[in-house]
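What you see is a predicted model; the values in this text were computed from it and never measured.
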Amino acid sequence: MESIGDLTVTLSSLVEREGLDTEEARNVATVTVAAIRGLLLQEVLTPGTRPEDAVTLILCMKKGRPPDPRSHPER
């Protein structure tokens, strides 16, 4: 992969294989890449901010359910 665009195309293809139509797969891939970029920027600007919490939230949103508070031990 040479660019973010390549990553979006690759993710879109994978999502399409999971059963989404082309436009919806492209939207999911675009939002996923944006989330990854945001998490990377957050880590650069504020190291140690626990990005795994954000990743858990994103994954739960995709599944359509709230995050399980037991998924992370108390801080």
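- For T22, the side-chain hydrogen bond (donor to acceptor under 3.5 Å, both in side chains) partners at least two apart in sequence or on another chain are E16.
- Each of V28, T32, T30, V31 was evaluated against T8; a single residue qualifies, T30, per the side-chain contact (heavy atoms from CB on, under 4.5 Å) test.
- The closest side-chain heavy-atom distance from R26 to V15 is not below 4.5 Å.
- In this structure, E23 and D21 approach most closely via the heavy-atom pair N-OD1, 3.2 Å.
- Pairing each heavy atom of S12 with each of A29, the nearest pair is N-CB, 3.5 Å.
- Among residues two or more places apart in sequence or in another chain, the side chain to side chain contact (heavy atoms under 4.5 Å, CB included) test is passed with E18 by none.
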